[in-house]
Amino acid sequence: EMHMTDLCRADEEEEVRETLWELYSPFYYEVYAVYAGRSQWPLIRQVDVYTFFDDAQMLDRGPMFAAGGDTPHHAEEGPERRLNVQDVNQILLRTVAVQKPALRDNSHARRRQGGSEVLRRSEEGRPINRPQFIEVLARAALIHFGSSLRSMSAVLRAFAEEILGGRILQVPLSPWPRMIAMMSGEYFDILLARRRTIHEAWERFGGSETTFQSLTQLMRLCDTHFTAKHVSSIYALSRRPVADCRQVARQSSGLRYDEFC
């Protein structure tokens, strides 16, 4: 469950949930799959969260990381705020924080509180799941656009269109219409005409990400602009989303035939 009280006012919560659901498949889930696929599917290592902020050109690492002679970006320039490493640390800490009721002031409660502190520390560095990553994106959107837009729904839309769509979901990871293989048209006709070859390829290379990677190597598809990490992301993007993220780990590591297509 996301920490909605940190993201919006109580009277906004229903609208924010509806907006997230509307933008979920075209933007938020796709970006999750991109980074989970190249991380620790279905989880995302926290180091790979920093990679997202780098790829999204949102992270200000300071003058030491500026390109030679270039003027570094500053976290506070303009209405749209760039994030620094401390911002990302705080986003992660708040996202993985365990919501718990207040404890009574007695020895039993203190022992429970001590145990909770150990649990909190152990949780801080662990990979995050899908809802947590979506919350990371929402928190980042609030910091980045919060001072220039009035509502959280507007913030989520601007973040989806300008950052996720404009900077992450670009070729070769641009959005692809799911279930297109089941729709009539040129794409369906090609699949039908080449079904024997495609089925043989699926049987040989669709069983795991490792074998799928070997397919791209045999086809010599990879170069400096299309790398193994892109292949990992495409493999994850090809999977049909599962509503309950707790069930994802129980999925087969291979692709179904329609997913492979």
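Only this structure's heavy atoms are used, side chains among them; waters, hydrogens and symmetry mates stay out. What you are looking at is a predicted structure, and each value in this text was computed from that prediction instead of being measured.
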Colleague: For the residue pair G254 and R239, what are the closest heavy atoms and their distance?
Modeller: O-NH1, 4.2 Å
Colleague: Working to the nearest 0.5 Å, report the span between SG of C222 and CZ of R220.
Modeller: 12.5 Å
Colleague: Just do the salt bridge (Lys or Arg N to Asp or Glu O under 4.0 Å) check on R94 and E135 with the steps written out, would you?
Modeller: CA-CA 10 Å; R94 290 179 180 275; E135 182 173 333; over 6 Å; no
Colleague: Can you name the nearest heavy-atom pair linking T211 to G206, along with the distance?
Modeller: OG1-N, 4.2 Å
Colleague: Please report whether the ring centroid of W176 lies less than 6.0 Å from that of Y187.
Modeller: yes
Colleague: Does R194 have more than 12 heavy atoms from other residues, nucleotides or ligands lying within 6.0 Å of its CZ?
Modeller: no
Colleague: Quick check: are there more than 12 heavy atoms from other residues, nucleotides or ligands sitting under 6.0 Å from CD of E200?
Modeller: yes
Colleague: Identify whether the distance between the nearest side-chain nitrogen and carboxylate oxygen of D55 and R167 falls below 4.0 Å.
Modeller: no
Colleague: For residues M2 and L20, determine if any side-chain heavy atom of one lies less than 4.5 Å from a side-chain heavy atom of the other.
Modeller: yes
Colleague: Establish whether V34 and V171 are linked, either directly or via other cluster members, by ILVMFWY side-chain heavy-atom contacts under 4.5 Å.
Modeller: no
Colleague: Please confirm whether R38 makes a cation-pi placement over Y35, using NZ or CZ under 6.0 Å from the six-membered ring centre and within 45° of the ring normal.
Modeller: yes
Colleague: Could you state the interatomic distance from NE2 (H3) to CD (Q132), rounded to the nearest 0.5 Å?
Modeller: 8.5 Å
Colleague: Check whether W202 and L218 end up in the same hydrophobic cluster, where Ile, Leu, Val, Met, Phe, Trp and Tyr are linked by side-chain heavy atoms less than 4.5 Å apart.
Modeller: yes
Colleague: Inspect the surroundings of CD in E14 and state if more than 12 heavy atoms from other residues, nucleotides or ligands are less than 6.0 Å away.
Modeller: no
Colleague: Would a 4.5 Å heavy-atom cut-off, applied to side chains only, mark R256 and R240 as touching?
Modeller: yes
Colleague: Quick one: pull up CZ in R45 and CD1 in I128 and give me the separation to the nearest 0.5 Å.
Modeller: 12.0 Å
Colleague: Show your working on side-chain contact (heavy atoms from CB on, under 4.5 Å) between D87 and R81 and close with a plain yes or no.
Modeller: CA-CA 11 Å; D87 290 326; R81 181 178 178 290; 2.9 Å; yes
Colleague: Going through the checks in order, is the side-chain contact (heavy atoms from CB on, under 4.5 Å) test met by M58 and F159?
Modeller: CA-CA 11 Å; M58 294 179 63; F159 190 75; 3.7 Å; yes
Colleague: Can H230 and S233 be counted as having a side-chain donor-acceptor contact under 3.5 angstrom?
Modeller: no
Colleague: When rounded to the nearest 0.5 angstrom, what distance separates CG in D48 from CZ in F133?
Modeller: 9.5 Å
Colleague: Check for me, please, whether L43 and Y28 land in the same ILVMFWY cluster - side-chain distances under 4.5 Å, paths through other members count.
Modeller: no
Colleague: Any idea which heavy atoms bring M152 and V16 closest together, and the distance?
Modeller: CB-CG2, 3.7 Å
Colleague: So do V136 and F53 actually touch side chain to side chain, heavy atoms under 4.5 Å?
Modeller: yes
Colleague: Nearest 0.5 Å, what's the CG-CG distance between L23 and L137?
Modeller: 11.5 Å
Colleague: Measure the spacing between OG of S151 and CZ of R9 and express it to the nearest 0.5 Å.
Modeller: 8.5 Å
Colleague: Looking at residues at least two apart in the chain, or sitting in another chain, which of them share a ring pair (Phe, Tyr, Trp, His ring centres under 6.0 Å) with F205?
Modeller: none
Colleague: Kindly determine whether R17 and M4 satisfy side-chain contact (heavy atoms from CB on, under 4.5 Å), including the steps that lead there.
Modeller: CA-CA 9 Å; R17 289 184 184 276; M4 296 300 293; 3.3 Å; yes
Colleague: Would you mind reporting whether L83 and I91 have side-chain heavy atoms less than 4.5 Å apart?
Modeller: yes
Colleague: Can you tell if the side chain of I168 reaches within under 4.5 Å of the side chain of F27, non-hydrogen atoms only?
Modeller: no
Colleague: Between S39 and I44, is any pair of side-chain heavy atoms under 4.5 Å apart?
Modeller: yes
Colleague: Determine, stepwise, if the pair R139 / T95 fulfils side-chain contact (heavy atoms from CB on, under 4.5 Å).
Modeller: CA-CA 9 Å; R139 288 180 182 275; T95 298; 3.4 Å; yes
Colleague: Hydrophobic clusters here meaning ILVMFWY residues chained together by side-chain heavy-atom distances under 4.5 Å, can you tell me if L255 and L221 are in one?
Modeller: yes
Colleague: Which heavy atom of G37 sits nearest to which heavy atom of A236, and what is that distance?
Modeller: CA-CB, 3.5 Å
Colleague: If only atom types and distance count, is the side chain of Q213 paired as donor or acceptor with the main-chain N or O of V231 below 3.5 Å?
Modeller: no
Colleague: Does the side chain of E18 pick up a donor-acceptor pair with the side chain of S153 at under 3.5 Å?
Modeller: no
Colleague: Could you tell me if the side chain of Y50 sits less than 4.5 Å from the side chain of L92, heavy atoms only?
Modeller: yes
Colleague: Is it true that a side-chain atom of T227 and a backbone atom of T224 form a donor plus acceptor pair closer than 3.5 Å?
Modeller: no
Colleague: Counting distance only, does the side-chain N/O of D223 pair as donor-acceptor with the main-chain N or O of F226 below 3.5 Å?
Modeller: yes
Colleague: So, do R195 and L191 sit near enough that their side-chain heavy atoms are less than 4.5 Å apart?
Modeller: no
Colleague: Please work out whether the ring planes of F212 and F260 are parallel, tilted or perpendicular, with thresholds of 30° and 60°.
Modeller: perpendicular
Colleague: Are the side chain of Q170 and the backbone N or O of G165 linked by a donor-acceptor pair below 3.5 Å?
Modeller: yes
Colleague: Taking the six-membered ring for Trp, is the centroid-to-centroid distance between Y29 and Y32 below 6.0 Å?
Modeller: yes
Colleague: Any donor-acceptor pair under 3.5 Å linking the side chain of E161 with the backbone of A158?
Modeller: no
Colleague: So does V155 get a backbone contact from the side chain of R150, meaning a donor-acceptor N/O pair under 3.5 Å?
Modeller: no
Colleague: Report yes or no: does H144 contribute a side-chain atom to a donor-acceptor pair with the main-chain N or O of I163 at less than 3.5 Å?
Modeller: no
